[in-house]
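Accompanying notes for the structure given below.
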2 protein chains.
Amino acid sequence: MDKEEQVLMSFKNLLNKLILLNKTKMEESLKGYKPSEVHCIEYIGKHVDSNVTKLAEFSYMTRGAISKMTKKLIKKGLIESYQKPDNKKEIYFRLTEQGKIIYKIHEELHKEFRERDKAVFEQVTEEQLDMMIHFAEKYSRHLEAEIKKQGIKINQNKFDE
Amino acid sequence: MDKEEQVLMSFKNLLNKLILLNKTKMEESLKGYKPSEVHCIEYIGKHVDSNVTKLAEFSYMTRGAISKMTKKLIKKGLIESYQKPDNKKEIYFRLTEQGKIIYKIHEELHKEFRERDKAVFEQVTEEQLDMMIHFAEKYSRHLEAEIKKQGIKINQNKFDE
DNA sequence: GATATATTGTTGACAAGGAAACAAAATGAC
DNA sequence: GTCATTTTGTTTCCTTGTCAACAATATATC
């Protein structure tokens with residue numbers, strides 16, 4: 001295995017572990033809420049006028065899946081939908097009071113995770129962090145161009161958090 | 001969003017795009033074979049005496065899921081199982097001739113992917129690659145320790161390829 | 001304006017994978 | 001040796017998410 005592959009493998013491994021650990025932690029603090037649901041709440045909490053399509057793109061999931069999930073979140077009373085007077089097609093979401101509580105807890109958890117991993121980040125310089133971000137974004141843009149070239153719809157699944 | 005978060009977000013984004021693109025490419029070349037199946041074939045091709053448990057650990061999936069998948073792969077004639085005379089419990093897998101063909105095609109695809117992304121890697125130095133690998137592995141080990149501390153079983157899903 | 005095309009959200013059928021319970025065998029404790 | 005514990009693989013039930021078809025609305029073209 002050469003270095004190119006090694007980089008990607010180590011990233012995959014890292015994120016798998018991170019997902020596993022954080023998911024387990026989250027299930028303790030937020031019993032009854034699935035990671036994908038919390039993820040959805042997080043996005044809605046951070047973006048005004050989020051709708052099914054935008055959520056799907058952000059989450060790398062299909063609109064169908066998001067449609068079902070938002071319905072469930074509405075039923076659970078965590079989000080509510082609304083429309084605008086000049087558009088009868090698009091449906092937007094916002095958090096309910098209960099949803100905001102979940103959002104808050106999730107934020108706290110994130111802080112906890114950061115605290116937990118602080119030691120690791122203390123061992124790299126800011127320049128190194130910048131370098132990695134730059135690399136990942138450059139690579140991302142390269143893939144983005146390839147995806148466009150192929151005419152692939154970004155709707156498939158994977159890697160949330 | 002601070003830099004710590006930004007690094008992880010950019011990694012997630014990168015891998016999501018990579019998975020999406022490679023998956024689509026793979027579905028063209030290997031019609032009828034799911035990414036998880038190919039992934040499984042890849043592991044079996046690379047490791048002698050692979051069994052359900054090892055495959056599960058490697059793939060971040062449950063033994064149940066792997067058990068079902070290997071059965072399907074056997075039915076499709078891509079792998080075969082065998083046992084050792086001194087162990088009536090463990091069941092090992094190896095590729096059939098047909099499986100080796102799939103393995104080969106997958107290898108070729110990988111080369112193709114590397115070629116496609118060469119330009120990105122040409123813009124970073126070997127030291128930078130080393131640095132990133134080192135960071136990811138260090139972080140991984142940190143999480144590994146945390147996971148052990150919590151007594152979590154590594155069995156959940158996510159991030160293959 | 002009218003009409004074709006694209007976008008948005010929804011649904012039902014289906015498949016993949018997780019959780020938990022289980023049997024069989026291996027390992028460990030004594 | 002015997003008995004308890006652990007490991008391994010399997011199965012059943014259930015949840016999640018994809019796919020594809022669809023209706024409703026919006027946008028583009030003429």
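Lettering of chains follows the sequences in order, A, B, ..., and the numbering in each one begins at 1.
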(message) If you only use heavy atoms from C-beta on, which nucleotide in D:dA26, D:dT11, C:dT10 is closest to the side chain of B:Ser67?
(response) D:dT11

(message) Using heavy-atom distances to pick each residue's nearest nucleotide on DNA chain D, tell me which of A:Lys68 and A:Asp86 is more 5'.
(response) A:Lys68

(request) Please confirm whether any donor atom in the side chain of A:Lys72 sits under 3.5 Å from an acceptor in the base of D:dT16, or the reverse. (result) no

(request) Verify the contact: side-chain N or O of A:Asn87 to OP1 or OP2 of D:dT25, cut-off strictly under 4.0 Å; return yes or no. (result) no

(message) Looking at A:Ser36, I'd like to know whether one of its side-chain N or O atoms comes within less than 4.0 Å of OP1 or OP2 on D:dT16.
(response) no

(request) Using distance alone, with no hydrogens and no angle criterion, decide if B:Gln83 and B:Lys88 have a side-chain donor and acceptor under 3.5 Å apart. (result) no

(message) Using a 4.0 Å heavy-atom cut-off, does B:Lys34 contact any base of the nucleic acid, only the sugar-phosphate backbone, or nothing at all?
(response) sugar-phosphate

(message) Heavy atoms only, 4.0 Å cut-off, all strands: where does A:Ala65 land among base, sugar-phosphate and nothing?
(response) base

Anything under 3.5 Å between a protein N or O and an N or O of nucleotides 3-8 of chain D, put it in a table, one pair a line.
residue	atom	partner	partner atom	Å
D:dT7	O2	B:Lys89	NZ	2.4

(message) Please report whether the ring centroid of A:Phe58 lies less than 6.0 Å from that of A:His39.
(response) yes

(request) Could you tell me whether B:Phe121 and A:Tyr139 have their ring centroids closer than 6.0 angstrom? (result) yes

Atom [atom1] of [X] to atom [atom2] of [N]: distance rounded to whole Å?
{"X": "A:Tyr92", "N": "D:dT25", "atom1": "OH", "atom2": "C1'", "answer": "12 Å"}
{"X": "B:Glu37", "N": "C:dA15", "atom1": "CD", "atom2": "C1'", "answer": "11 Å"}
{"X": "A:His39", "N": "D:dT16", "atom1": "NE2", "atom2": "P", "answer": "16 Å"}
{"X": "B:Ile66", "N": "C:dA19", "atom1": "CD1", "atom2": "P", "answer": "14 Å"}
{"X": "B:Ile79", "N": "D:dG9", "atom1": "CD1", "atom2": "C1'", "answer": "13 Å"}
{"X": "A:Lys84", "N": "D:dT25", "atom1": "NZ", "atom2": "C1'", "answer": "16 Å"}

(message) Tell me whether A:Ser50 contacts the main-chain N or O of A:His47 through its side chain, where contact means a donor paired with an acceptor under 3.5 Å.
(response) yes

(message) What I'd like to find out is whether the side chain of B:Lys25 reaches to under 4.5 Å of the side chain of B:Phe113, using heavy atoms alone.
(response) yes

(request) Side-chain contact test, heavy atoms from C-beta onward, threshold under 4.5 Å: evaluate it for B:Asp49 versus B:Phe93 and give yes or no. (result) no

(message) Minimum heavy-atom separation for A:Gly99 and A:Ile41, please, with both atom names.
(response) O-CG2, 3.9 Å

